[in-house]
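Written out below as structure tokens is the structure these notes cover.
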Amino acid sequence: MYYFLTLLSGILVSVMIAVNGILKQEYGVYSAAVIIHIAGSALSLIIVLNRHDLKLLFSKFHAWYLYLGGAIGVFTTVWIGMAFGRISVSAILALGLFGQSAAGLIVDQYGWLGMPRHPFNKRKIIGLFLILAGIASMITDFEIIAVLVAFAAGVSIVVSRTLNARIAELTSVRISTLYNHIIGLAIAVFVLFLLGRNEVGFTQFYISPRLYIYFGGILGVFTVILSNMTVARVPAFYLTLIIFSGQVFSGIIIDIMISGAFSHQNLIGGLLVTTGLCANLLLDRKKAPASSCRSAPAD
């Protein structure tokens, strides 16, 4: 079940990236980040109030750095917005995957922030090679700043969701999601006043007739909830790749629906990444069929 929820999260992220990209073009990078977090904070608060667990929000405070998931998430949104339009969406996805994969391997290898350890097995090098080949096949253009921020966005996604998952374990999934958005909103507003005063969203805000562009923050709530449910149960490296598979194939469908365009490179890259993922998953199950997947009984 947790692997399916991870795949669903990837599909939602793909839709969210497309919607947030349009929002960024409408208002600007920093203004869009604020709007996204306002929508997400409002929905998160409604969910918490509906479940009557608001008291958990201030019942006990934990290590300060565990609350930084939302703040880091703001930079993820800004970095993706900076790369959007400079390099292709497929390149952003591929470089983000590269950053997430590198960070995910480190989290798995050393059990960072109390996450379960999943040491890398040398037998899985072939699968890793297929994954890297898939990533490389999707990069069609190269602009150094855009490439670096897209890679950094991938790393920040792993750090953010790991921190959010730890808070979820200590409080609840809903409280962690609310923390993520309200802290993210505070940082997004600060960054807007610092860097975004010349944006349309800051100087002359208006409501766009394309109301769907405001739903990115709402989708973000559901992706954070799904992430908090799966991070501790699926190895970080596999979590990244399954989410990416959901992103790529749903992204292909979205491109066809919106513009009629079909990317052979995205399809090939997605197939290579998925093949490498499946190969490594099979190796894990052969090595330890009884314990290779902590969530196996729930599948």
Side-chain angles (χ1 to χ4, degrees), residues 1-6 8-10 12-13 36-77 100 103-119 154-188 190 217-240 242-243 291 293-298:
M1 181 181 75
Y2 292 110
Y3 284 86
F4 170 74
L5 293 177
T6 302
L8 178 60
S9 175
L12 290 179
V13 167
I36 290 165
H37 282 84
I38 288 174
S41 297
L43 179 58
S44 299
L45 182 59
I46 290 171
I47 292 173
V48 168
L49 292 174
N50 185 58
R51 296 302 297 267
H52 305 291
D53 55 3
L54 188 61
K55 60 181 181 295
L56 292 175
L57 190 64
F58 305 107
S59 60
K60 183 179 179 181
F61 290 99
H62 306 280
W64 63 270
Y65 57 85
L66 294 178
Y67 298 93
L68 295 180
I72 294 170
V74 173
F75 292 100
T76 303
T77 302
Q100 290 182 62
L105 284 172
I106 293 173
V107 171
D108 286 342
Q109 185 70 28
Y110 299 104
W112 185 62
L113 282 175
M115 292 292 105
R117 291 189 64 217
H118 302 277
V155 174
S156 67
I157 287 171
V158 174
V159 177
S160 176
R161 73 186 181 204
T162 302
L163 291 170
N164 287 336
R166 288 293 294 139
I167 287 294
E169 289 179 354
L170 296 169
T171 56
S172 73
V173 170
R174 296 179 297 277
I175 291 297
S176 174
T177 304
L178 180 58
Y179 272 130
N180 177 81
H181 283 90
I182 58 176
I183 293 174
L185 175 59
I187 299 299
F190 174 77
I218 293 174
L219 291 175
V221 172
F222 292 107
T223 58
V224 172
I225 289 173
L226 289 174
S227 175
N228 288 339
M229 293 171 62
T230 56
V231 164
R233 296 172 176 83
V234 179
F237 184 61
Y238 290 159
L239 190 78
T240 292
I242 294 171
I243 289 175
S291 61
C293 177
R294 295 176 60 186
S295 61

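Numbers for residues simply follow the sequence, beginning at 1.
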Applying side-chain contact (heavy atoms from CB on, under 4.5 Å), run through I225 and I47 and close with a yes or a no. CA-CA 11 Å; I225 289 173; I47 292 173; 4.3 Å; yes
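- N164 CG to I175 CD1: the interatomic distance, rounded to the nearest 0.5 Å, is 13.0 Å.
- Interatomic distance, OH of Y179 versus CG of L170, reported as 10.5 Å (0.5 Å rounding).
- Between the side chain of Y67 and the backbone N or O of H62, at least one donor-acceptor pair lies under 3.5 Å.
- Heavy-atom minimum distance, T162 versus V158: OG1-O, 2.7 Å.
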For the pair L43 and F222, evaluate side-chain contact (heavy atoms from CB on, under 4.5 Å) and give the outcome as yes or no after the intermediate values. CA-CA 10 Å; L43 179 58; F222 292 107; 4.0 Å; yes
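- The distance from the OG1 atom of T223 to the CG atom of N180 is 8.5 Å, given to the nearest 0.5 Å.
- Counting heavy atoms from C-beta outward, Q100 and V155 have side chains that stay 4.5 Å or more apart.
- In terms of heavy-atom proximity, V48 sits nearest to R174 at CG2-O, 3.8 Å.
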Going through the distances and angles, do S156 and T76 end up as a side chain to side chain donor-acceptor pair (under 3.5 Å)? CA-CA 6 Å; S156 67; T76 303; 2.5 Å; yes
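- Of the inter-residue distances, the one linking L178 atom CG with S41 atom OG reads 7.0 Å to the nearest 0.5 angstrom.
- Rounding to the nearest 0.5 Å places CD1 of I183 at 10.5 Å from CG of L163.
- Between I218 atom CD1 and L12 atom CG the span is 12.5 Å, to the nearest 0.5 Å.
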Apply side-chain contact (heavy atoms from CB on, under 4.5 Å) to V224 and H181, showing your working. CA-CA 9 Å; V224 172; H181 283 90; 4.1 Å; yes
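- Residues that satisfy the side chain to side chain donor-acceptor pair (under 3.5 Å) test with S176, not counting sequence neighbours, are N228.
- Looking at residues two or more places apart in sequence or on another chain, you find no side chain to side chain donor-acceptor pair (under 3.5 Å) involving S160.
- Within the 3.5 Å criterion, the main-chain N or O of L226 finds a donor-acceptor partner in the side chain of T230.
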Stepwise, does the side-chain contact (heavy atoms from CB on, under 4.5 Å) test hold for I72 with I187? CA-CA 9 Å; I72 294 170; I187 299 299; over 6 Å; no
